[in-house]
Amino acid sequence: RGSRCPAPPCPGRALRRPLAGLARAAVPPQRWASSFAEAGPTDSSPSEGQVFLSESCVKRLLEIAEGSEFLRLQVEGGGCSGFQYKFSLDTVINPDDRVFEQGGARVVVDVDSLAFVKGSMVDFSQELIRSSFQVVSNPQAEKGCSCGTSFSVKF
Amino acid sequence: MLVRAITAPGLRRWCRGRRGAAAACFPLGRALLGVRGAEAAVFLQGLLTNDVTQLVAAGDAPPALYAHALNVQGRCLYDVILYRLHGSTAEEPHILLECDSSVLDSIQKHLKLYKIRRKVTITPCPDLSLWAIIPGEQPGDASSLPKCADQALLLTPDPRAEVMGWRLITKKGANLSEIIPGSQVGDVQDYHRHRYKQGIPEGVKDLPPGVALPLESNLAFMNGISFTKGCYIGQELTARTHHMGVIRKRLLPVSFPAPLPTHGIPEGAEILTESGKPAGKFRAGGGELGIALLRLAHVNEPLCVNLGGDKVKLSATTPQWWPKPAAK
């Protein structure tokens, strides 16, 4: 399977744009064969959508992920605005997960959650109040709560 | 179906005290939804105003909980009573949710929208019946304790207010006089009259979705909200109002001294003081009783509604069951 570049503005150019740090949908390479028994298809299809990783996200993940750890992003119902993002470090990839890799750092989203975050970027933001992984510029999200954890969806 | 020994200490005390007032049992037209699964409590916790973990915690917590589901803007969507059916924390959580039957479909859609990957199942329970048992006013023959446990799933005090008596969940078609000897099945219209007399809102007519505000609807007085739990949908406005705002209007019981025109008073009808100042809006009612959203400043004044040129008089009362210092 060929690798796919997510939709950058110029079709036909395979150049990665360092600033945006766009991720490519992961191709299961040989080095992964040992980390999980089932080689499920973890490429997302165009309709399923993609998640992008920012430079700071990649950098931070490379610092903190140990061994086969990756960043898992899930969407849960609840929270002040209806839906909330949940980040965790995980090591197990399931058949209904989609993997997004950039520079050796991986972000994994299950298909149900992906429907809510496709087109978003995962960023590692460092502010005075906290440093944390955040989902930014989610095209599906409408107003969120003041702390950024919860969001509602445009229908 | 879970069968549990029915103990209702309040009911026993009340029966003895009244020397046998007949319990009036009302079949309610409210729907019951079963929510079960390992994540049932966590799932509901993010959607409702009250602390669902209290319902499922180990210990003697009452098996009923009142709560509202709000929309993102903090307005009421559904008023619900939760019942704990599972016996202990070792069992998988099994919660029954009582709601207005006209919104059973939309509440299911609402829950399914936010379910995503939670390990819960949501299924209606058409094989169960819900009853309200209201303390009667006249003395009568001795009522004894509920004896027949296998037809009744749950008998518990109404979590909203003592004046609302008890809630009983049975299998459909159960014979009530076997479960509560000496009880009489009443007309549900009398149940609604009792609610309006006490000022207890219930269902979409009293709490229009997207319109009613939880704190103005006396959610806090009815034990339906926790201000110490984590985030739920609509929490921001509610918490902010509670901590910083002043609640100037509340739902109050009103009564009309004179007979009303046949179509009654329309929802939203403006209520005025004698001098013509706006005092609030009529919400819902039946016969000569109802509830209205009224400015607390005008509660004890003579009020009226303008109905096609006629001034219809009404008066409001502050319910006895409201917490005393806060009733201002």
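The basis for the numbers below is simple: all heavy atoms, side chains too, and nothing from hydrogens, waters or symmetry mates. Below, chains carry the letters A, B, ... as their sequence lines are ordered, and counting in each starts from 1. Quantities reported herein were computed from a predicted structural model and do not represent experimental measurements.
Side-chain contact check for B:Arg117 versus A:Asp96: some heavy-atom pair is nearer than 4.5 Å.
Both the backbone and the side chain of A:Glu76 come within contact range of chain B, with heavy atoms under 4.5 Å apart.
Residues B:Ile116 and A:Val75 come closest through the heavy atom pair CD1-O, 3.4 Å.
Counting non-hydrogen atoms of neighbouring residues, nucleotides and ligands closer than 6.0 angstrom, the CD atom of A:Glu66 reaches no more than 12 such neighbours. Heavy-atom contacts from other residues, nucleotides or ligands closer than 6.0 Å to NZ of B:Lys109 number 12 or fewer.
Heavy-atom pairs under 4.5 Å with chain B were tallied for A:Ala115, A:Ser113, A:Gly77; the largest tally goes to A:Gly77.
Of the candidates A:Ser150, A:Ser152, A:Cys80, A:Ser152 is the only one forming a side chain to side chain contact (heavy atoms under 4.5 Å, CB included) with B:Val72.
Within residues 225-233 of chain B, the residues having any heavy atom less than 4.5 Å from a heavy atom of chain A are, in residue-number order, B:Cys231, B:Tyr232, B:Ile233.
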